[in-house]
Amino acid sequence: MTSGASATDAELARLASVNLNLLVPLMALLEERSVTQAAAKVGLSQPAMSHALRRMRTLLGDELIVRQGATMMLTPRASELIAPLRQALQQTARIVTSSSFDPAVDRRVITVACTTSTSFVIGSALARLIAERAPNTELRLKTTNMTSPTVFTDDGVDVVLLSQKFPTQLARERLYDDRWVVLAHSSAPEGASGLELLTMLPHVAFDSSPHRIRPYEVLDEQGVQYGVRDRITDNLMVPHLVAHAGGVAVHRYRIAAAFSSYLDLRVEEFPFPLPELGVDMVWNPWLADDDFRSWMRDILVETAVSLQIR
């Protein structure tokens with residue numbers, strides 16, 4: 001017998017002495033960070049979950065979850081367990097389930113993370129398509145700028161729709177492209193170019209301090225003179241202010257196009273070259289359900305195509 005086989009046999013022998021039924025309540029506890037909520041999630045009584053927690057603490061030699069003030073916190077060891085445990089349980093579920101992912105009957109929660117702006121562009125169409133193709137699932141849109149892998153481990157996100165400007169070490173695939181445009185009220189001087197609008201009208205600017213968005217850096221580099229009338233920290237409110245109070249703004253084309261369908265707006269091209277603003281799909285690296293991931297990728301691409309933003 002080879003040493004590799006011996007090691008495998010030893011690992012299997014150790015597993016035979018472990019109550020693997022504890023892994024499901026352990027996952028619930030790590031996700032919910034509450035004995036009561038974890039018990040309800042897996043259908044156990046609270047005393048049964050408390051008993052399971054004591055056994056898990058003994059098995060793993062760690063407290064797993066501790067109270068800090070009014071909240072329950074995971075220990076560092078418990079946080080490290082989330083990703084590999086979720087992957088192991090997903091793979092186990094695939095082994096014991098006779099059929100592959102079937103959107104017609106599947107009842108999972110599908111979690112997509114993205115910025116509020118991306119959710120505004122694609123969220124409604126995505127929700128409609130998933131409701132049509134997978135009627136028993138629940139779509140959870142988590143609006144966030146978070147790019148840390150904790151969005152996958154702590155929040156159970158299946159895929160992040162990540163703006164090109166945010167870096168990540170994970171593989172990414174382009175979903176759709178975007179670009180900067182000039183946004184003004186339809187009553188702005190007829191025939192004026194984007195550059196002329198930027199110099200003659202007061203600006204409604206997205207307040208992204210301490211950083212500035214790239215178009216304004218370019219305007220300064222080009223020596224363009226302009227005046228800012230309003231600053232707002234909510235990017236999606238900028239088109240509303242322009243539509244109802246006049247002025248000019250620099251915004252993403254996809255957002256501007258969506259608002260133009262029901263606000264009195266005019267869209268012109270930004271007058272200077274700028275890099276495109278892509279939105280990419282970044283998949284949970286611990287997502288073991290390949291059939292679901294392939295289906296979900298097709299759904300996202302179809303959504304983008306239906307909005308003519310592919």
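A donor-acceptor contact closer than 3.5 angstrom is absent between the side chains of Ser306 and Thr303.
In this structure Trp295 satisfies the ring-ring contact (aromatic ring centres under 6.0 Å, His included) test together with Phe101, sequence neighbours excluded. Applying the side-chain contact (heavy atoms from CB on, under 4.5 Å) test to Arg266 and every residue at least two apart in sequence or in another chain returns Ala188, Ala192, Leu197, Glu268. In this view, Arg108 and Asp106, Asp289 satisfy the side-chain hydrogen bond (donor to acceptor under 3.5 Å, both in side chains) rule, not counting sequence neighbours. Applying the side-chain contact (heavy atoms from CB on, under 4.5 Å) criterion to Thr233, with sequence neighbours excluded, gives Asp207. Residues passing the ring-ring contact (aromatic ring centres under 6.0 Å, His included) test with Phe259 are Phe120, His240, Tyr262, sequence neighbours excluded. When the salt bridge (Lys or Arg N to Asp or Glu O under 4.0 Å) test is applied to Arg57, the partners found at least two apart in sequence or on another chain are Glu63. Under the ring-ring contact (aromatic ring centres under 6.0 Å, His included) criterion, His203 pairs with Tyr216, Tyr226, not counting sequence neighbours. The ring-ring contact (aromatic ring centres under 6.0 Å, His included) test applied to Phe270 returns no partner, not counting sequence neighbours. Legend: residues meeting salt bridge (Lys or Arg N to Asp or Glu O under 4.0 Å) with Arg252, ordered by chain and number and at least two apart, are absent. Taking Glu80 as the reference, nothing meets the salt bridge (Lys or Arg N to Asp or Glu O under 4.0 Å) condition, with sequence neighbours excluded.
Without hydrogens or angle criteria, Thr199 side chain to Leu195 main chain gives a donor-acceptor distance under 3.5 Å. Under a 3.5 Å cut-off, the side chain of Asp178 and the backbone N or O of Gly278 do not form any donor-acceptor pair. With hydrogens and angles disregarded, no donor-acceptor distance shorter than 3.5 Å links the side chain of Ser119 to the backbone of Thr115. Here the side chain of Arg229 pairs a donor or acceptor atom with the backbone of Gly246 at under 3.5 angstrom.
Between Glu276 and Gln164, the shortest heavy-atom contact is O-OE1, 3.0 Å. In this structure, Asp62 and Ala78 approach most closely via the heavy-atom pair OD2-N, 4.5 Å. Looking at every heavy atom in both residues, Leu139 comes nearest to Ala127 through CD2-CA, 3.7 Å. Contact between Leu265 and Pro239 at its shortest, heavy atoms only, is CD2-O, 3.9 Å. Between Ala171 and Val282, the shortest heavy-atom contact is O-CG1, 3.7 Å.
The stretch residues 158-167 participates, sequence neighbours left out, in no salt bridge (Lys or Arg N to Asp or Glu O under 4.0 Å) pair at all. Screening residues 35-49 for salt bridge (Lys or Arg N to Asp or Glu O under 4.0 Å), with sequence neighbours left out, gives Glu31-Lys41, Glu32-Lys41.
For Tyr253, the OH atom is loosely surrounded, since the number of other residues' heavy atoms within 6.0 Å does not exceed 12.
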Run the numbers on Leu30 and Leu74 for side-chain contact (heavy atoms from CB on, under 4.5 Å), then give the verdict. CA-CA 7 Å; Leu30 298 182; Leu74 298 183; 4.0 Å; yes
Before giving the answer on side-chain contact (heavy atoms from CB on, under 4.5 Å), spell out for Glu269 and Trp180 the whole-Å C-alpha distance, their side-chain angles and the decisive distance to 0.1 Å. CA-CA 7 Å; Glu269 293 299 323; Trp180 292 107; over 6 Å; no
Stepwise, does the side-chain contact (heavy atoms from CB on, under 4.5 Å) test hold for Asn235 with His251? CA-CA 8 Å; Asn235 199 27; His251 219 293; 3.3 Å; yes
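Using a cutoff of 4.0 Å between basic side-chain nitrogens and carboxylate oxygens, Glu221 and Arg214 are scored as salt-bridged.
A distance of 10.5 Å separates CG in Leu64 from CE in Met72, rounded to the nearest 0.5 Å.
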